[in-house]
Protein chains: 2
Amino acid sequence: MRFRKLNYFITVAEELHFGRAAARLHIAQPPLSQQIKAIEDELGAVLFERSSQKVSLTPAGEALLPQARALLQNWEKIQEQVRSVANGTAGNLSLGFVWAAGTPHFSKGIAQFKQDNHGVTLNLEEMTTAHALDALRTEKIDLAMIFLNPLMDITDLEHQEYEIQKHLLALPDNHPLAQKDSVPLSDLHQLPFISFTRQAHPSLYDQIMHSLHAAGVEPNIVQIARLTQTTRTLVAAGVGVALVPESTQFDQREGLTYRPIDGVLPELAIHFVWRKNSLTPLMERLITHLHAQVLR
Amino acid sequence: MRFRKLNYFITVAEELHFGRAAARLHIAQPPLSQQIKAIEDELGAVLFERSSQKVSLTPAGEALLPQARALLQNWEKIQEQVRSVANGTAGNLSLGFVWAAGTPHFSKGIAQFKQDNHGVTLNLEEMTTAHALDALRTEKIDLAMIFLNPLMDITDLEHQEYEIQKHLLALPDNHPLAQKDSVPLSDLHQLPFISFTRQAHPSLYDQIMHSLHAAGVEPNIVQIARLTQTTRTLVAAGVGVALVPESTQFDQREGLTYRPIDGVLPELAIHFVWRKNSLTPLMERLITHLHAQVLR
DNA sequence: ATACTTAATATGAAAAAGATATCATGCGCT
DNA sequence: AGCGCATGATATCTTTTTCATATTAAGTAT
C-alpha cells in the first residue's frame with residue numbers, strides 16, 4: 001500500500017520528464033508511461049501535456065498535484081498515529097479507581113504519565129469496587145484499581161497487584177481511644193462505627209465484618225455509600241469512628257487523628273483489574289508506570 | 001488505484017468476519033487474510049484480534065478505521081474535482097480584456113457563466129492590447145480579449161473572433177458637428193482629438209492614423225493612456241472629440257453625444273487570444289458562451 | 001538530411017494478488 | 001468426552017498486474 005501510482009504521478013509532475021522521473025522511482029520509463037496513462041484513464045482526465053520536447057501539467061494535473069501530495073502526507077500521519085496507538089504512546093484509556101487508591105504517589109504517577117505521553121487521553125473516575133467491576137464488564141472503562149480479595153468471582157478478568165494498605169482507625173481528636181498508641185480490635189465493641197455499604201465493596205465488607213466478629217466485636221454501624229471526604233467529616237464531628245485505608249492519613253484534617261489497629265484484619269489489597277485479552281500496550285505502560293511509583 | 005488494501009481493512013472492520021468480508025469484496029477468504037496481515041506488517045501494528053469465534057478491532061485498528069474512511073472519502077472528492085477541472089466545470093481562469101469589450105452583453109455573459117459554473121473562479125482584468133499580449137506570453141493570464149488586426153505578429157498565439165465594432169465619434173452636446181446625423185471623416189481635420197497612446201494598442205493606432213491620413217485629416221492629438229471613463233470626461237468637458245468603439249455608447253453620459261463616421265476606418269475587431277496548446281475545456285466553454293451572447 | 005532526445009508501443013519476465021484445498025482451533029451439542 | 005460446525009490460517013498453484021528490454025515515432029538541433 002504505497003500508493004504507487006499516486007507517487008508516480010507526483011514524481012513525473014515534479015520532474016516534468018518521464019525518463020528522469022522513472023530513474024528517481026527506480027523503474028524503467030515505459031512502465032511509468034503506462035501507469036500514468038492508467039491513472040489518466042481512471043480519472044477520465046489527461047494530466048500531462050506531452051511532446052517529445054517537454055512535458056507539462058494540464059489544469060487537471062495542476063489541480064491533482066497538491067491534493068495528491070496532501071493525501072500522501074495525510075497517510076503518513078495516519079500511519080504514525082496508528083503505530084503510536086499500537087505502542088501505547090497514544091490513545092484513550094478510561095480508568096476507574098477506588099478512593100483509597102488516590103494517594104499522593106498515585107496522583108504524581110498519573111501526572112507524570114500524562115506528561116510523558118502527550119498523545120494519551122486519560123479518563124479518570126473514582127468509583128466503588130462494585131461499580132468498577134460493572135463498568136469494566138460493560139466496557140465503560142478499560143482498567144480498574146479496586147479492592148480485590150480471594151472471595152470475589154473474577155474468572156472473566158485479569159489482575160495485578162497495585163499496593164497493599166493497612167487499616168487505620170480514624171478517631172476524633174478528643175476520643176478516649178486517641179490516648180493509646182495503637183488500638184486493640186476488641187476496644188471497638190459497641191462503638192458507633194462509620195462504614196461504607198456492603199453494596200460498595202461487598203467482599204471486603206464481608207471480610208472486615210468477619211474479622212470483627214472473630215474478635216468478638218459487635219459494632220454499631222452507620223453506613224455511608226462511599227469512603228470519601230464524608231467519612232472524615234463525620235468522624236471529626238464525633239458521629240463515630242471508622243476503619244479506613246492507611247492512604248487516608250495523607251489527607252490531614254482538623255480534629256481528626258489516626259491510630260494503628262492491633263488485631264487481625266483483612267488485607268486492603270488494591271489491584272489493577274481488566275477484561276481478559278483487553279490488555280493494550282497503553283494499559284501495560286500505565287500499570288508498569290504506576291506500580292513503579294509505589295515501590296520507590 | 002483503488003486503495004485495495006485499505007478497502008479490505010475497512011470491510012473486515014465493518015463485518016468483523018473474514019469470510020463475509022471476503023464475500024462482499026468478491027474474493028476468497030485466504031487472500032483477504034493475507035492482505036490484512038500485509039497491512040499489519042507494514043504498519044507494524046496488529047489491527048484485529050482474531051479467534052475462531054470472533055474478530056474484533058484492536059485499539060490500533062480502532063484508530064485506523066475512521067482515518068481510513070476519511071482518506072478514501074477524500075480521494076473520491078479529489079477525483080471529482082480533477083474531473084471537473086478536466087471538463088471545464090471547475091478551475092481558475094484569468095481573463096484580460098480591452099475596455100471596449102466591456103459591453104452589457106459581455107457583463108451579462110460573464111455573470112451567467114459564473115452562475116452556471118459554480119466551481120469556476122474567474123479573474124477579470126481590464127488591460128490594453130499590448131499589456132494583454134505580454135500578460136498572455138508571460139502566463140499571467142490565460143485568455144485575452146483584445147483588438148486584433150492583420151499587422152500584428154502573433155504566430156505564437158491562437159485566436160478566434162469575438163465581435164466587430166464600428167467607430168463612433170464622441171462629441172460634446174454643443175459641438176457644431178453634433179448637428180449632423182453622421183460626420184464625414186474629413187471634418188475632423190485639425191480638430192482637437194483625444195486618443196489612446198500608440199503604446200496601448202500599437203497596430204490599431206497605426207491603422208487608424210493611416211486611415212485618417214488617407215482621408216487628408218491631420219488631427220490635433222491629446223493622448224491618454226487608455227480609452228476609459230477619462231476619455232468621455234474629457235470630451236464632455238469640451239477638451240476635444242474622440243473616436244471610440246461603438247460599445248462606448250452603452251454608457252450614456254450627460255453632455256456627451258455620439259455620431260457615426262462617414263468614411264473609411266479600420267475594423268475594430270475584438271478577438272479571443274490564447275497561447276498555442278493552452279486551450280483548456282474551461283476556456284473553450286467560456287469562449288463559446290460569450291460568443292453566443294454576442295450573436296443574439 | 002542526420003544525429004539526438006524523448007515519449008509511446010510491443011512483447012516477454014517477474015512480482016503481486018487471488019483461488020482451491022487443507023489444516024488448526026475453539027465452541028456447542030449431544 | 002467426542003463429534004460436528006464455524007472460522008481463520010497455511011500451502012500450493014493460477015491469474016493478473018507490474019515491470020524490463022527492445023524498438024518505434026516524432027520532434028529538435030546541428
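Chain A is the first sequence line, chain B the second, and so forth, proteins listed ahead of strands; every chain is numbered from 1.
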Mind checking what makes side chain to side chain donor-acceptor pair (under 3.5 Å) contact with A:His159, not counting sequence neighbours? A:His271

If you round to the nearest 0.5 Å, how far is CD of B:Gln34 from CD1 of B:Ile27? 9.5 Å

Heavy atom of residues 5-17 of chain A under 4.0 Å from DNA chain C: which residues? A:His17

In short, side chain to side chain donor-acceptor pair (under 3.5 Å) pairs touching residues 82-91 of chain A with sequence neighbours left out are A:Gln79-A:Arg83

Near DNA chain D, under 4.0 Å by heavy atom, which residues of residues 20-39 of chain A? A:His26, A:Ile27, A:Ala28, A:Pro30, A:Pro31, A:Gln34, A:Gln35

Taking only heavy atoms on the protein side, list every residue of residues 46-55 of chain B lying under 4.0 Å from any atom of DNA chain D, sorted numerically. B:Arg50, B:Ser51, B:Ser52, B:Val55

Under 4.0 Å between a Lys/Arg side-chain N and an Asp/Glu carboxylate O for A:Glu40 and A:Arg50? yes

Check: B:Ser203 side chain, B:Met152 main-chain N or O, donor-acceptor pair, under 3.5 Å: no

Going by the angle between their ring planes, with limits at 30° and 60°, are B:Tyr162 and B:Phe106 parallel, tilted or perpendicular? perpendicular

Among pairs that include at least one residue of residues 20-31 of chain B, which meet salt bridge (Lys or Arg N to Asp or Glu O under 4.0 Å), considering only residues two or more places apart or in two chains? B:Glu14-B:Arg24, B:Glu15-B:Arg20, B:Glu15-B:Arg24

Parallel, tilted or perpendicular: rings of B:His291 and B:Phe272 (30°, 60°): perpendicular

Scanning both residues in full, the closest heavy-atom pair of A:Thr128 with A:Ala200 reads CB-O, 3.5 Å

Do A:Ile270 and A:Phe147 come within less than 4.5 Å of each other through their side chains, counting heavy atoms only? yes

